[in-house]
Each structure stands twice: as structure tokens, then as C-alpha cells.
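Below, chains carry the letters A, B, ... as their sequence lines are ordered, and counting in each starts from 1.
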Amino acid sequence: MRKLFNIELVKLLNHTSFKVILGLHLALLTLVVFISSQINITIPGFDTTNLFRFPHVWPYFAWIASWFNLLLAILIIMVTGNEFSYRTFRQHVIDGLGKKQLLQGKLLVILALALYSFALVFLSALVYGLIYSGGDGGGPMFANAGILFVYFLQTIAFMVVGLTIVMLVRTTALSIILFILLRFPLEPIIRSFFDPAMRPFFPMKAVGGLTPMPEFLSIASENTFETVEGGNALSLSEMGLIAPALPLYLQILIVLGYIMILLALIAYSLVRRDI
Amino acid sequence: MQKILEVNRLSKHYGRIKAVDNLSLEVEKGQVFGILGPNGSGKTTALSVITGVIRQKSGTFSWFGKSAENPEIRKKVGSLIEVPNFYPYLSLANNLKIIAQIKEAPLDDIDRVLKITNLNQRKHSPYRTLSLGMKQRLAVAAVLLGDPEVMVLDEPTNGLDPEGIAEVRTIIQQEAKKGKTVILASHILAEVERVCTHAAVLKNGELLACGRVDELLGQDQQYIIAAPDIGKLEAPLTNAKMVKSFSRNKDELMVSCYPSTSAGDLNRFAFDHGVTLSKLVEVKKSLESQFLELVR
């Protein structure tokens, strides 16, 4: 594993496009978080800075970061597509690397990128949380922080979908187009033909649903409107503005299932097809 | 002698096209084994199968008597198949570093192989800046990394200038002298004749001939004979057991004899039939003429 990781490091650390896209991911995520922190709507009983306080900051940042998973998926498509266009996968096999090791190498890159993204979201949420919570009005600091592990899984899942497409198609540009088509128009159109109860089981929907949009109204109006049970009356899902989601554990299981199926498909394709 | 490579009834088809058909051959330790054939004869396909990049339709092959599925076995084999495949944005050193890590070769071996291939001056240049010949030399350097027991070279002199061709030939000869086994596919027959101890000839994926190069060359003995009354010999030659065929060109006959027929035998035969030869010349066949005879 260490050998495979070292090999991938030599390729990536000297790859200009890789560094540019990764830098873009870092810059965009930081910028969007910063800009959203500057938009404060504070009226009596309603305060959007609640989103930056513990524990709401964790799901909020995970949700924002999930927008940029597209860039990470494009990154993995690009670095894998290069292996086919330079015919270096073929050369690696000639030099003595097993076909499954080719896949393991790319999974290590996915893991490294997911860890980087996890660390970035964790650190920025921690910093903003500490600044905005400031000792008053903040809930338990790490109460919702578990969502970052779900975000970690989501990042991996998006990249595995990208990896599957490029491993089957073997060209970078076509794979990126297919990934974007699948993410935006294609799967939503196909989903619309199915019963609403079935829709959360579609791959992109399941993966995207791991980090749902936070209940802005509910969080911003916290401590203002409360039901007799103590819950907040301004829940978007309760008002019917967003569709109710499957339980989180079920969503995680569905996504884990998809990851396993896709990895098995890649491994099968690598072994069966000429490289 | 240790068997390095054993190929048994190997076939690879692309649709209806038989790229390799029922190929069987053996390569033993220390041999410099040439694979000859016209374009499209299946040389590269055969080498791609035995280096694990494409799957055969049927048949088996083994390296060192073990299953070729084992990537550890392939680390003992340095291979250059078709064209050099490197990362264009990486330097020569970094490209070789990746290969050294795959082969688990020491990193200081990079300098050794760059020196052998005269590329040490360009160690830190990106691969994309190299000339075609330099790229080919880098591919040879990659093959040499980790001091493999076997070298598989598919058209290693492609794109090289005469000096580069001579350099690669010297490298092959030096490695062969060290006892390494070399499998060399080429259509430059003079190169194969100079370097190889053994050769196989392929056409349309089929094996036409295989054996020692000197045996392939020496299967027939050819002589040019002349005499004022040469016509008297034509009838006896037709029935002579030692003669395979002959053709007449004015006062000369080109006689193709079975192996082990000497010039003396032919001279005696002519004398016994009342002809005194004024000319008797042994024609040394080149691999090229033998190859062309085989593939036509």
C-alpha cells in the first residue's frame, strides 16, 4: 500500500492541473464560506449567524462543502483518464503491477482527497464555530460533528462514481461529461418517472442526500418559536418545503452498497478487459 | 538448460482476425531470441500477451516455470512493448522512479541506467521535451532498471539514428554476455542476424519456423556452378538426392542442396557426370533471404 501511495504521490505532486484544481477547490470552498458568513440577517427572533455557531456549523459546512465534491470527482477522473491516454496503466502492468493494484492506487488517491477535504471542512467549521459561538448562545461543541464522517463517505462515494465512469469509458473528457450529465439532468429525469418512495434509492440522490440542506429557518429562529413538545415550528420539511429523507443509517447503508458494487464492477472490468 | 518462457498453443483473435494462432515456443536461459515477421504478423500481440497486458483467447504460457499471473514474476522481466509509455509532464528521473518503485529496484539504479543509455544529462528534463530517439533510449533504460533476468524488446531501435541503433545493439549484446535472456521482436533482419542466437518467424499469427539462427540460415546449401557444357548436368541434377532444386541462368546453375551437402560433393557429382566445373561458389544465405522465402 505504501509503495502504491508513493507512486501516486510522484505522479500527483508534479501534475500542474491536479494542483490547480485542488487549489481551486480550496479557494472556492473558503471563499463561499467566508461570503456566506458576511451575509447576516439579524432581526429580533431571527439570526442567520446561528448557522455558524456550534453545533449547527458542522452540518452547514458539510452541506456547503458537498457542492464542491464535483471538483474532486473531476480531479479523480482527470488523473485516471491520464493513465489511459498516456498508456501508463498498461506500462505499470508490463513492469509488474497487478491490475487490482492499479485500482488500489486510485482508491488511495480517493482516500487522500477525502481526508484532505474532511480536514479542510473540520478546521474551517471549528474556526468559524469558535469565532461565532464565543461562549454564549452556542450548543454543545461537537454535538453534530458526526455529520463530517458522513460527508467523508459522501466525498468518497462521488469520487468512486467518477472513477467507475472513467475506468469504463477510458477517456477524460467523455467521462467528465457523462459524470456531469448523470449528476444533473440524467438521473433526476430518470428519477422523476419513479414513485417518490423509490427516488432516494437512486445512486446520485442517495449520495447527495447524505448531507442535506440545513433547516435554515429553524436554526435562524432558534429559541424564538417552539411547539409544545419543545421542537421548532419553522422546520422546512414539516412545512413540506423539502422532501422528507430516509433515516441516515439507511442512507449510509445504501451508499456503502453502491460503493461496493461500483468497486466490484471496476475490478471485474480491469481483469476482463485488455489494458 | 532452464526454461525461461514456455508458450503453449497460444491464440489471440480480434473478431475474425487471428492475431496469434496456436503459437508454441520455448525460450531458454541465456538465449537471445528473435521474433521476426512482417507487419501484422502477431509479434507485438504475442509479446503483449506474455507480458500480461492483453488476455489470450486460448493456450497457456509460463515464465520461469510459474504462472504468469504472478506480478512478482514479471518484475524479473524488463519489457518494452510497442512504444515508450511515460508521463509527459514528469522528468526522466521521476518517470524512472515510478518504475523503480513498481519493480522494487533501488533508486540509485536510475543513475546507472541513465548512464548506460547516455541520458544522464537530461535526467531532470520533462519527458515531453525529448526527441523520438531519446524517448526510445529512455524506454530501454526503463527495461534495464532493477537488472532484470529477462529483457523483452519490441522494435527497440524504432526511431533511433544509426548511432542510437548501434548503442542499443551494444547494450543487448552486453546484457546477453552477462547471461541474460533477451527476447527481441524486430523487422530489421540484419539486426536480428547480428544479435540473436535463436529466432522464430511469424506470419499471420502462425509460427513458420523456429530454431537456432545458424540452423535457420543453414537449412539449405546454395551454390552457383558454371561450365562450358553445363547443360549436360541438368538431367542428372533433377534426380540427384542431394539436390533440392536448381535454376539456370545462361551458363550458370543456381543449385539448392539439402543441408550437409558440401562444395566437394557437388564438384564430385559434376565430375562423375563428365562435367568439369569452371566455377563453384557457395552462396551464403542471409536471414533476410531466408525470411522472405519463408513468408512468401
Over 12 non-hydrogen atoms of neighbours within 6.0 angstrom of OH in B:Y14: yes
I'd like to verify something: which residue of B:V152, B:L145, B:N85 has the highest number of heavy-atom pairs under 4.5 Å with chain A? B:N85
Side chain from CB out, backbone as N, CA, C, O: work out which of these in B:E82 comes under 4.5 Å of a heavy atom of chain A, or both, or neither. side chain
Atom NZ of B:K97 with >12 non-hydrogen neighbours under 6.0 angstrom: no
Looking at A:F34, I'd like to know if its CZ atom is crowded, meaning that more than 12 non-hydrogen atoms belonging to other residues, nucleotides or ligands lie closer than 6.0 Å. no
Can you tell me if NZ on B:K57 sees more than 12 non-hydrogen neighbours from other groups inside 6.0 Å? no
Mind listing the closest non-hydrogen atom pair of B:F86 and A:Y86 along with its distance? O-CB, 3.9 Å
In Å, rounded to the nearest 0.5 Å, how long is the span from CD1 of A:I94 to OG1 of B:T51? 4.5 Å
Pick from B:P84, B:S79, B:P88: which one has the most heavy-atom pairs with chain A under 4.5 Å? B:P88
Using a 6.0 Å cut-off, check whether atom CG of A:L115 has over 12 heavy atoms from anything other than its own residue. yes
What residue, out of B:V143, B:N94, B:N95, has the most heavy-atom pairs lying under 4.5 Å from chain A? B:N94
So how far is it from B:Q101 CD to A:D95 CG, rounded to the nearest 0.5 Å? 12.0 Å
Is it the case that atom NZ in B:K177 sees more than 12 heavy atoms from other parts of the structure closer than 6.0 Å? no
Would you give the length of the straight line joining atom CD1 of B:I99 to atom CD1 of A:I7, rounded to the nearest 0.5 angstrom? 10.0 Å
Under 6.0 Å from the CZ atom of B:R9, do we count more than 12 heavy atoms belonging to anything else shown? no
CD/B:Q2: more than 12 non-hydrogen atoms of other groups inside 6.0 Å: yes
Structural part of A:E8 lying under 4.5 Å from a heavy atom of chain B: neither
Side chains of B:I98 and A:H92, heavy atoms from C-beta outward: is any pair under 4.5 Å? yes
Spell out, as yes or no, whether a donor-acceptor pair under 3.5 Å connects the side chain of A:D274 to the backbone of B:R55. yes
Heavy atoms of B:S48 and A:R90 approach each other most closely as OG-NH2, 3.4 Å
Counting only heavy atoms closer than 4.5 Å, note whether A:K99 contacts chain B via side chain, backbone, both or neither. side chain
Measure the acute angle between the ring planes of A:H15 and B:Y89, then classify it against the limits of 30° and 60° as parallel, tilted or perpendicular. perpendicular
Which distance, rounded to the nearest 0.5 Å, do you find between the CD of A:Q101 and the CD1 of B:I102? 9.0 Å
